Amino acid sequence: MFVVIGRPINVLLSVFEKFNVKTVTWERDTEPYNKEIDDKLFEICRDDGIAAHRFWGHTLYDPDYLLDLSDGTAPLTMTGFLNIIALAGAPLKPVDPPSSVPGPPTDIYCGDIFETIPTLSDLKSYGYNPLDKTTKFVAGEREAFKRMENFLAQKKRVAAFDKPKTNPTSLEPDTTALSPYIARGSLSSRLFHSKVLECLGETTNSNRPILKGSLEGQLYWREMAYLIAYSTPNFNQMVGNPVCKQIPWLEGKEAKSLLHKWEMGKTGYPAVDAAMNQLRIDGWLHHLGRHLVACFLTRGDLWVHWELGRDIFNRYLLDSDWSITNFSWHWLSCSAFFHQYFRCYGPTTFFKRTDQTGAYVRKFVPILKNFPDNYIYEPWRAPIAVQEAAGCIIGKDYPMPVVDHDVESKRNMGKMRMAYLNAQLLNLNFMY
DNA sequence: GCGCCGGTTGAAGGT
DNA sequence: TACCTTCAACCGGCG
């Protein structure tokens with residue numbers, strides 16, 4: 001592997017010239033930035049008489065094929081998406097790796113090119129600004145395969161897997177935690193899909209219903225997010241995004257201050273703060289933990305713009321993924337796909353379902369570790385004597401709640417109602 | 001235009 | 001324990 005650094009088209013052109021390249025193959029990508037490079041490169045190859053072969057490899061299906069099957073418009077519900085999948089047939093199979101590849105050219109220097117894979121420090125001089133932290137996720141394909149095989153060896157767990165029922169407060173991930181490997185390309189979605197079916201004794205040809213919460217269903221959620229992200233203009237923002245509800249979120253100074261408290265785990269709600277601390281420490285957070293904090297930041301409590309929360313997620317998540325992260329923030333903020341804004345996650349109640357003693361909070365907000373169970377999710381309600389005994393005074397050692405959830409969540413439901421009404425009025429004005 | 005239905009994962013209070 | 005209803009009452013798609 002060579003790593004070449006610079007503006008993609010520029011460095012590729014210099015490599016083409018240097019090695020007198022006749023054929024180029026590459027993997028296509030759905031994100032706007034890569035789409036533009038893909039198309040430009042394809043044109044350049046065509047004009048220069050270089051054979052160009054580009055393939056979809058990151059998703060189960062060729063997104064253009066799925067769009068053709070759905071009249072050019074991506075379905076906005078999972079049910080609609082699965083109808084398209086029923087037409088599309090089985091996903092592409094993973095391809096075996098080649099048994100051998102040609103050796104590298106001997107003379108490889110052409111500008112900023114690394115003969116071995118550069119380290120993060122090497123990249124700092126190019127403006128890359130990595131977080132200075134360690135993670136328990138070891139990088140690489142070997143590790144990805146090991147984790148996948150370990151999970152798939154638990155056949156009952158694989159067969160019974162139902163994402164909404166997994167435990168967000170488990171101290172070890174209750175889900176596969178393969179997302180960093182899939183997002184970064186260490187584990188192919190097609191390989192994982194075929195291994196899951198193999199493990200369940202299923203074939204891609206049988207006419208089984210696909211359960212939305214199953215492992216297979218999860219891969220189809222990913223696929224749907226990619227298709228929508230691929231085919232929706234301005235999908236990474238609210239303005240100019242045709243599927244996104246226009247909602248008057250907080251954006252300025254006030255939003256920045258609330259956002260910072262949220263990011264740093266200082267909202268005063270232990271469940272929210274524990275989840276945000278895990279996000280920053282581990283670079284990973286359970287799906288439902290993400291739901292809790294994303295709802296809290298946006299429509300639930302703080303009314304901060306989802307784009308700001310999305311940026312924080314992308315900074316810390318090892319599995320950050322342009323399509324999926326944007327899709328999910330639409331969902332949680334009730335900006336698209338999900339509209340039942342009156343269903344709101346409770347910052348003091350949601351984690352209690354799976355963790356009555358607050359073990360998760362005690363791990364990730366250790367200042368609270370000596371609070372009794374009945375105050376662990378609302379420590380400000382503890383009598384001062386209890387706070388003193390726990391060695392943590394609320395308002396001094398740990399913040400008071402940044403907002404009153406009972407008041408703000410109700411008020412925000414009213415704001416959501418108004419925003420939806422305004423959207424309808426705008427549509428009417430447009431029509432008449 | 002209207003009504004009906006389904007929508008991956010809420011909370012609280014039931015059986 | 002697993003499932004039910006109610007609460008505030010949404011959207012998009014379909015007939």
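Every chain is numbered from 1 and lettered A, B, ... according to where its sequence line falls, protein lines coming before strand lines. Just so we're clear, the structure is a prediction, and the values are computed from it rather than from any experiment.
For the C1' atoms, the distance from C:dA9 to C:dT5 is 15 Å, rounded to whole Å. B:dG1 and C:dC14: their C1' atoms are spaced 13 Å apart (whole Å). B:dG6 and C:dC4 have their P atoms separated by 14 Å, with the value rounded to a whole Å.
In the set C:dC10, B:dT8, B:dT9, the nucleotide with an atom closest to the side chain of A:Q218 is B:dT8.
When rounded to the nearest whole Å, the span between NZ of A:K352 and P of B:dT9 equals 23 Å. For A:L332 and B:dT8, the CG to C1' distance is 12 Å, given to the nearest whole Å. Going from atom CZ of A:R353 over to atom C1' of B:dA11 covers 9 Å, rounded to whole Å. In this structure, A:D406 places its CG atom 11 Å from C1' of B:dA11, rounding to the nearest Å. Put simply, CZ on A:R343 is 6 Å from P on B:dG10, counting in whole angstrom units. Look at CD on A:Q424: it is 13 Å from P on B:dG1, rounded to the nearest Å. Residue A:L76 contributes atom CG, which lies 11 Å from atom P of C:dC14 at whole-angstrom precision. The separation between A:N412 atom CG and C:dA8 atom P is 18 Å, rounded to whole Å.
The side chain of A:K212 places an N or O atom within less than 4.0 Å of a non-bridging phosphate oxygen (OP1 or OP2) of B:dG7.
Contact check on A:K40 versus A:E43 returns no salt bridge, with no Lys/Arg side-chain nitrogen under 4.0 Å from an Asp/Glu carboxylate oxygen. At a threshold of 4.0 Å, the pair A:D373-A:R362 counts as salt-bridged, since one of the basic side-chain nitrogens sits closer than that to a carboxylate oxygen. A salt bridge links A:D319 with A:R290: the distance from a Lys NZ or Arg NE/NH1/NH2 to an Asp or Glu carboxylate oxygen falls below 4.0 Å.
Base pairing annotation: C:dA8 forms no Watson-Crick or G-U wobble pair, as no partner gives both donor-acceptor distances under 3.5 Å. Summarising the base pairing, B:dT9 is matched to no nucleotide, lacking a Watson-Crick or G-U wobble pair whose two defining distances lie under 3.5 Å.
Among the protein residues, A:K245 comes within range of the sugar-phosphate backbone only, with heavy atoms under 4.0 Å from sugar or phosphate atoms but none that close to a base. Heavy atoms of A:M413 sit nowhere under 4.0 angstrom from any nucleic acid atom. Within 4.0 Å of A:G346, counting heavy atoms only, lie sugar-phosphate atoms of the nucleic acid but no base atom. Within the nucleic acid shown, A:T79 comes within 4.0 Å of sugar-phosphate atoms alone, with no base atom in reach, counting heavy atoms only. Counting non-hydrogen atoms under 4.0 angstrom, A:F350 reaches the backbone sugars and phosphates but no base. The residue A:T349 sits close only to the backbone: its heavy atoms come under 4.0 Å of sugar-phosphate atoms, none of a base.
A residue-by-residue look at A:K165 and A:Y341 shows that A:K165 has its nearest nucleotide of DNA chain C further toward the 5' end. Summary of the strand contacts: A:T77 and A:Y420 both lie near DNA chain C, and taking for each the nucleotide with the nearest heavy atom, the more 5' one is attributed to A:Y420.
Note that SG of A:C244 and CD of A:E307 are 7.5 Å apart. Values are rounded to the nearest 0.5 Å.
Between A:A419 and A:P248, the shortest heavy-atom contact is CB-CD, 4.2 Å.
Judged by distance alone, the side chains of A:Y398 and A:D273 do bring a donor and an acceptor atom under 3.5 Å apart.
Aromatic stacking of A:W221 on B:dT8: satisfied, with centres closer than 5.5 Å and planes within an angle under 30 degrees.
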